[in-house]
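Residue numbers count from 1 along this sequence. These numbers were taken from a predicted model, which means no experiment stands behind them.
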Amino acid sequence: PALRRHLYFVGALGGDVVFFDGDGNILERFVTSWTGDEATKMMGVVEQALDDLKIPRREMTAITSNPNQIALVFKTTDEARAATLAKELEARFRAEGIRYPVLLNKNWVYFSKFTKDTASRTAYLLFKARGYPVTPSNILLLGDEFQMNPGHPMGGDALMALPFPLALGI
């Protein structure tokens, strides 16, 4: 608990925000998830795209453990098929008025209510609205990959740092 004193945690690409009090106990927690209509519409588009591209469901795994993100994971050797699906889903989402971007990271295709830059901005606004003493210069960003990968501008932990150039990244 001592390590969590006055900690503000943002996870799940911004879908999970936790505020800890001076004793390290959870003070507030906000979890954002898809609405039932959003999930139904997106999964309908995904199912139709998989059928049209003739991608058998057994060749990928759907991961929905995060309440605001859906990931479709192909075998590590199947990056080309993942890229094809991501491009197709991006076009279909736009055509259907689904405003969430489709992201690609090697053999992972995923879509989320948030991206890392919108997550960091949203968290910052939540903190400020609650009177927490946070400024762009006292933000600590923890990540495992702070590079902007060519061809994948929406990926990487560096994206969450873009709104806060004075933040420290570890």
Minimum heavy-atom separation for [X] and [Y], please, with both atom names.
X: Leu141; Y: Ala167; value: CD1-CB, 3.9 Å
X: Ser33; Y: Lys113; value: O-NZ, 3.3 Å
X: Val102; Y: Ala86; value: CG1-O, 3.7 Å
X: Tyr110; Y: Ala71; value: CB-CA, 3.7 Å
X: Leu85; Y: Ala49; value: CD1-CB, 4.2 Å

Side-chain donor/acceptor of [X] to backbone N/O of [Y], under 3.5 Å:
X: Glu90; Y: Lys87; answer: no
X: Asp21; Y: Asp23; answer: yes
X: Lys106; Y: Thr77; answer: no
X: Asn107; Y: Val73; answer: no

Next item on the list: Could you check if a side-chain atom of Trp108 sits within less than 4.5 angstrom of a side-chain atom of Leu103, using non-hydrogen atoms only?
Entry: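 No, their side chains stay 4.5 Å or more apart.
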
Checklist line | More than 12 heavy atoms from other groups under 6.0 Å of CZ on Arg57 | finding: yes

Check: Quick check, are the ring centers of Phe111 and Phe93 under 6.0 angstrom apart?
Finding: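 Yes, close enough.
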
Which distance, rounded to the nearest 0.5 Å, do you find between the [atom1] of [X] and the [atom2] of [Y]?
X: Arg81; Y: Lys54; atom1: CZ; atom2: NZ; value: 11.5 Å
X: Leu50; Y: Leu72; atom1: CG; atom2: CG; value: 7.0 Å
X: Tyr100; Y: Ile70; atom1: OH; atom2: CD1; value: 11.0 Å
X: Asn105; Y: Glu79; atom1: CG; atom2: CD; value: 8.5 Å
X: Phe20; Y: Glu28; atom1: CZ; atom2: CD; value: 12.0 Å

Next item on the list: Report the C-alpha distance between Thr40 and Trp34 in whole Å, list the side-chain angles of each, state the deciding distance to 0.1 Å, and finish with yes or no for side-chain contact (heavy atoms from CB on, under 4.5 Å).
Entry: CA-CA 9 Å; Thr40 299; Trp34 307 109; over 6 Å; no

Next item on the list: Give the intermediate values and the outcome of side-chain contact (heavy atoms from CB on, under 4.5 Å) for residues Asp78 and Met60.
Entry: CA-CA 10 Å; Asp78 215 353; Met60 49 167 254; over 6 Å; no

Check: Between Arg92 and Asp52, is the closest basic N to carboxylate O distance under 4.0 Å?
Finding: yes

Note to self: Applying side-chain contact (heavy atoms from CB on, under 4.5 Å) to Leu89 and Val45, what does each step give before you reach the verdict?
What the structure shows: CA-CA 7 Å; Leu89 288 177; Val45 171; 4.2 Å; yes

Check: Side-chain heavy atoms under 4.5 angstrom apart, residues restricted to Ile, Leu, Val, Met, Phe, Trp, Tyr: same cluster for Leu53 and Ile98?
Finding: yes

Next item on the list: Output, in order, the C-alpha distance, side-chain angles, deciding distance and verdict of side-chain contact (heavy atoms from CB on, under 4.5 Å) for Phe19 and Ile26.
Entry: CA-CA 6 Å; Phe19 300 94; Ile26 293 177; over 6 Å; no

